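Heads up: the structure comes next, in structure tokens.
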Amino acid sequence: MTTYRTTTDDTLIIEVNPRGNPLLLEENLARSRMHDAEVFARQQRVAHRLAVARRWRRLAGWAERRARLKAWAL
């Protein structure tokens, strides 16, 4: 990625991505933060699914033990 400064504003940095589209530094930062937020959300979904699966597994085990006790009592 090439970086160069504009002649009109020294504080504005423009970067050219591989497709050749100029992006402002703020746009790159926003895209990076959005990507990080998406990755974090994906990780949170995986963690939530894991917690839910563990909860259902515990409940199923409890229900199975209870059913065995009730069947044995008959």
Side-chain angles (χ1 to χ4, degrees):
M1 201 179 295
T2 34
T3 303
Y4 59 92
R5 293 194 179 273
T6 62
T7 56
T8 58
D9 188 4
D10 287 340
T11 61
L12 182 67
I13 296 175
I14 298 177
E15 294 183 1
V16 178
N17 65 9
R19 293 181 299 222
N21 297 332
L23 296 174
L24 295 177
L25 184 60
E26 291 82 12
E27 289 175 345
N28 281 342
L29 185 58
R31 286 177 193 239
S32 175
R33 286 181 178 167
M34 219 160 56
H35 180 264
D36 291 345
E38 290 170 356
V39 168
F40 180 74
R42 191 176 309 119
Q43 292 171 345
Q44 289 296 101
R45 282 192 301 271
V46 169
H48 178 72
R49 287 178 185 162
L50 179 62
V52 168
R54 286 179 180 164
R55 190 177 311 133
W56 278 110
R57 190 174 22 218
R58 280 195 311 264
L59 180 62
W62 174 81
E64 183 182 358
R65 286 190 303 275
R66 184 178 166 118
R68 278 192 205 147
L69 285 174
K70 296 292 181 181
W72 183 75
L74 291 177

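Treat the numbers as computed from the prediction; the structure is a model and nothing was measured.
Between Arg42 and Glu38 there is no salt bridge, since none of the side-chain N atoms of the basic residue sits less than 4.0 Å from a carboxylate O of the acidic one.
Note on Leu59 and Val52: same hydrophobic cluster, where clusters join Ile, Leu, Val, Met, Phe, Trp and Tyr whose side-chain heavy atoms are under 4.5 Å apart, directly or indirectly. Cluster annotation: Phe40 and Met34 are assigned to distinct hydrophobic clusters (Ile/Leu/Val/Met/Phe/Trp/Tyr, side-chain heavy-atom contacts under 4.5 Å, transitive).
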Query raised in the report: So Asp36 and Ser32, side chain to side chain contact (heavy atoms under 4.5 Å, CB included) or not? Walk me through it.
Result: CA-CA 6 Å; Asp36 291 345; Ser32 175; 4.0 Å; yes

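From Arg45, atom CZ reaches atom CZ of Arg49 across 6.5 Å, with rounding to the nearest 0.5 Å.
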